[in-house]
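Input: a single structure, listed below in structure tokens.
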Amino acid sequence: MKLYYHPLSGHSHRAQLFLSLLGIDADLIEVDLAAGAHKSPEFLKLNPFGQVPVLDDGGTIIPDSNAILVYLAKKHAVENWLPEDPKGAAAVQRWLSVAAGEIAYGPCAARLVTVFGAKFDAGEVIARAHVVLKRIDAELDGRRWMAAEYPTIADVALYSYIARAPEGNVDRSAYTNVNAWLERVEALPGFVAFQKTAVGIPELA
Ligand SMILES: N[C@@H](CCC(=O)N[C@@H](CS)C(=O)NCC(=O)O)C(=O)O
């Protein structure tokens, strides 16, 4: 199994984290985003969107981080990372949508400004990040995991960009439920950290 990724990409970390939680030993192939390798004809054959991550499972090519989580959960998960029952599956999908929506346009975008120099309005994306963090904090009130009584791919999908939100100058110190949940994810067997950068505001311990 191969994962085309970039070490500073939270979408890539999402896939890398789940592979590690499942104990799957994948080859990590770094795609040189700075050199435009993700827009090369070879890479575009793997993912016409020209984005990392992409999973190659013995020739089965899966682009998109959330699609990779679903694929791995269906194919390899021994625990219930993606419930089969309609209500449980919908509860997980709800957060995959948030990860691809509000998280991408909030804390992920805020970090793109500081880490990669993206030309977004920093104030606007930071404000969006706080809106979604406040909602997630409220959802986590009295719960341990986002979508079930146990960890699911919803937790994996949300983790990376929330953990590194301070790099985008998003102060998450007020979101106590979120911070406790991040620690629970980090305590899962097989957890692998998302590489830190020196930008933004100092992270909580
Ligand atoms: N929906 C995609 C988004 C992936 C994404 O935005 N990847 C970024 C790195 S974090 C990328 O490759 N950006 C390069 C580009 O879009 O040109 C996923 O979940 O995998």
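Remember, it's 1-based here, ligands and their atoms both numbered in the order they're listed.
In this pair, Phe116 and His6 present their aromatic rings perpendicular. The plane angle is above 60°, beyond the 30 to 60° band.
Here the closest non-hydrogen pair linking Pro189 and Leu21 is O-CD2, 3.4 Å.
Taking CG from Asn177 and CG from Asp137, the interatomic distance works out to 4.5 Å, rounded to the nearest 0.5 Å. Atom SG of Cys108 and atom CZ of Arg164 lie 13.5 Å apart (nearest 0.5 Å).
Applying the ring-ring contact (aromatic ring centres under 6.0 Å, His included) rule to Phe191 yields the partners Tyr159; only residues at least two apart in sequence or on another chain are considered.
Around the CG atom of Asp85, the shell of radius 6.0 Å holds more than 12 heavy atoms that belong to other residues, nucleotides or ligands.
Near ligand 1, residues Ser9, His11, His38, Lys39, Gly50, Gln51, Val52, Pro53, Asp64, Ser65, Tyr161 each place a heavy atom inside the 4.0 Å sphere around the ligand atoms.
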